[in-house]
Amino acid sequence: MDEKKILLNVENLKKYFPVRAGVFKKVVAQVKAVDNISFKVFEGETLGLVGESGCGKSTAGMSILRLIDPTAGRIFLEGNDTTSWFMSSMKAKKYIKTTYCDRFDALVAKNSNQEAIINNLDNPVDKKYAQIYFKDGYAKLCDEIMGGINAKRKWFRKEAQIIFQDPYSSLNPRMRVNTIVGEGLLTHNLAKSSEINGIVSDLLEKVGLSKDYIYRYPHQFSGGQRQRIGIARALALKPKLIVSDEAVSALDVSVRSQILNLLADLQKEFKLTYVFIAHDLAVVKHISSRIAVMYLGKIVELTDRSSLFDDPMHPYSVSLMSAIPIPDPQVKKSRIILKGDVPSPLRPPSGCRFHPRCPIAKDICSKEEPMLMEIKPGHFSACHFPGTFRG
Amino acid sequence: MAIENKEPLLSVKNLKTYFKTEDGLVKAVNGINFNLYPGETLAIVGESGSGKSVCSLSIMRLLDQNGFISEGEILYKGKDIVKISEAEMRTVRGKEIAMIFQEPMTALNPVYTIGFQIIEAIKLHLKMNEKDAKDRAVDLLRKVGIPEPEKRVDQYPHELSGGMRQRAMIAMALSCNPSILIADEPTTALDVTIQAQILELMKELQKELGMAIIFITHDLGVVAEMSDRAIVMYGGEVVERGDITTVFKNPMNPYTWGLMSSIPRIDKDVDVLWTIPGVVPSPLNFPKGCKFSNRCFLADEKCSKENPELISIEGEHSSRCWHIDKLVAEIKKVRAGEN
């Protein structure tokens, strides 16, 4: 896998939502929607993020795109640390200080050889920033990271796009299709306004709509057609990464298969990389090359599609697969019925978060939290007893 | 199941339900026929706009103001419930025929406790006093698998999770031992692990209480799991009907076949999904002739002129299509390619 280029690298991402109460709006608790997840997405692949409601899959997607600010963690796009790009300058400076300067200083305190420290760092970004920091100090590093911030932000917004779940509320009802799809092109100076209609017509044909529709309003389309417009809008800037947040969940069965095929075709044509967020494991299996299963803010299993389905390591993945009804009355399978509901992320269970519902939970599970470990090459699972439960 | 010699519990005959709208008369359900036998589960399958929900609302007589049953009979134990008075209907609704809905949050009243809402029906239909009714409500909640039912009975809907709300709704529907339970997409809003719990619960309760279930859904997986027989609806008409194994094994209608092939499955791998082109048209704009003709891969001139009848293929199994033989050949070809 090493020769593949990493497009998106998410490192220890956390997103906590504070719960405030009382007269002074004191923070009384944190909802740990996403709690320390890390994954890489390779260029040209589709990573499926799957889980039940409340597992943090959408929050993860929103944080990657910086539609909400992550609480902690780093997000790299094409080898650039983009985390601080959307922070206010105060916060960004604090971020640079804690993530880079303090860490480098601590390393220096242990081992004064700066050369060796730089060589020991794994991440090329860390190496580069360490070099700058040791040579020119903190101010220069801030310049390096925060300089030309507007261009950097624009670059990020062009390269990373999103397709939303609800095609009804994600299109502005007062804009015509050519404005909806072409707006980004103008903002990024990728086209003159006289060229917009032509480009939009081409895009509409690419997503399977007639080019005569460019002057229509969203309400004149059906749900499936609107989702196509949403896809055309995401494609317009020729992005590298598209995050699709439950893009087919609101659609009827027959329309859903059309959109899934369209997404697959576009991926081939434009060499797109998808992060495909969905709750439907069958859909995720169909479209993804690798799949991350999430439960209550954590990734519990991460592997490629075939090993997840042939050789699942985590009891939650096994139960999730078993819960899906198969559309064939002759397939009679014994079903694993999980007890209870998904606990509230406000008060997650101690130890392994899945242990109150887990069919094979032992004492250790309620005490120690299992880390996401590589069980087999490329197959990660966070369980104390990986692979022992098969239903 | 030898259903031929049983007496149907519910018999829907040539039911037509129309809606008056500003744009014209919407024929949401246009002449459907089916029987429901005691103790069985009948699935009504279709996409949005196929008329499956309107069909169930017609049986419950819960249509919106602008909707009306223009023709047809709904015979429940031999009595036509289309013709009976609203007062008489009230003794049937909830007692004989009960219903559960997709969204338990909107179907439950947020300002009353769960217990109050269950007790209300018990007092009305079973003429019990307050205390007995409350005991029964607690029993019911226990039966549907709600932990600490004595406490839950005094809680409000917002204090329960989605799965628990759906369980409470099932308890309410079963409070008067109905002989028919209509379930309109009861698990669509739930997570898969919770869905598995609810489906299991419904199966157990059916075994125990022996009610017949009409299961309305768009999810073919759930249909295969739950039902004995299925009817597939498109454009307000039944396009295929039969027992569940036959319909899945030998679909005889291009719409059923298309629907079954266009869903991604976890037990199979396909590179490209089958698609049904286009979308379900607005109910005012269905094509002449066969309603599916504008999206069907077998359609020819005949299909766009004349609507085929629902004809029997073998016993109960019937389909509405001019080109059944062509479809069978096509399916054979596709399946030969798979193996």
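Each chain gets a letter, A, B and so on, in the order its sequence line appears, and its residues count up from 1.
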Counting a contact as any heavy-atom pair under 4.5 Å apart, which residues of residues 244-254 of chain A contact chain B? Asp252(A), Val253(A), Ser254(A)
Mark yes or no for whether Ser257(A), through its side chain, and Leu273(B), through its backbone, hold a donor-acceptor pair below 3.5 Å. no
Scored by heavy-atom pairs under 4.5 Å with chain B, the best of Arg357(A), Gln225(A), Arg335(A) is Arg335(A)
Using distance alone, with no hydrogens and no angle criterion, decide if Gln330(A) and Thr245(B) have a side-chain donor and acceptor under 3.5 Å apart. no
Do any N or O atoms from the side chain of Glu225(B) and from the backbone of Ile326(A) form a donor-acceptor pair under 3.5 angstrom? no
Check ion pair Asp328(A)-Lys249(B) (N to O, under 4.0 angstrom): no
Please check: side-chain N/O of Asp191(B) versus main-chain N/O of Glu52(A), any donor-acceptor pairing under 3.5 Å? no
For the residue pair Pro264(B) and Ala282(A), what are the closest heavy atoms and their distance? O-CB, 3.4 Å
Residue part contacting chain A, namely of Val192(B), when any heavy atom lies under 4.5 Å: both
Below 4.5 Å from any heavy atom of chain A, which atoms of Val247(B) appear? Answer side chain, backbone, both or neither. neither
Rounded to the nearest 0.5 Å, what separates atom CD1 in Ile194(B) from atom CG in Asp341(A)? 4.5 Å
Say you draw a straight line from NZ of Lys268(B) to NE2 of His286(A); how long is it, rounded to the nearest 0.5 Å? 14.0 Å
Top residue by heavy-atom pair count (under 4.5 Å) with chain B, among Asn261(A), Leu338(A), Val255(A)? Asn261(A)
With rounding to the nearest 0.5 angstrom, report the CD1 to CD distance, Ile337(A) to Gln195(B). 10.5 Å
Between Pro277(B) and Gln258(A), which heavy-atom pair has the shortest distance, and what is it? C-NE2, 3.5 Å
Chain A: which of Ser282(B), Gly258(B), Gly278(B), Gly49(B) shares the most heavy-atom pairs with it under 4.5 Å? Gly278(B)
Taking a cut-off of under 4.5 angstrom between non-hydrogen atoms, the residues of residues 315-324 of chain A near chain B are Leu320(A), Met321(A), Ala323(A), Ile324(A)
Could you check whether atom CZ of Arg390(A) has more than 12 heavy atoms from other residues, nucleotides or ligands sitting under 6.0 Å from it? yes
How about NZ on Lys211(A), more than 12 heavy atoms from neighbouring residues, nucleotides or ligands closer than 6.0 Å, or not? no
Okay, Glu47(B) and chain A: the region with an atom under 4.5 Å from a heavy atom over there is both
Heavy-atom side-chain proximity of Arg265(B) to Pro327(A) below 4.5 angstrom: yes
For Ser222(A), which atoms come within 4.5 Å of any heavy atom of chain B: side chain, backbone, both, or neither? side chain
What do you reckon, is CG of Asp310(A) surrounded by more than 12 foreign heavy atoms closer than 6.0 Å? yes
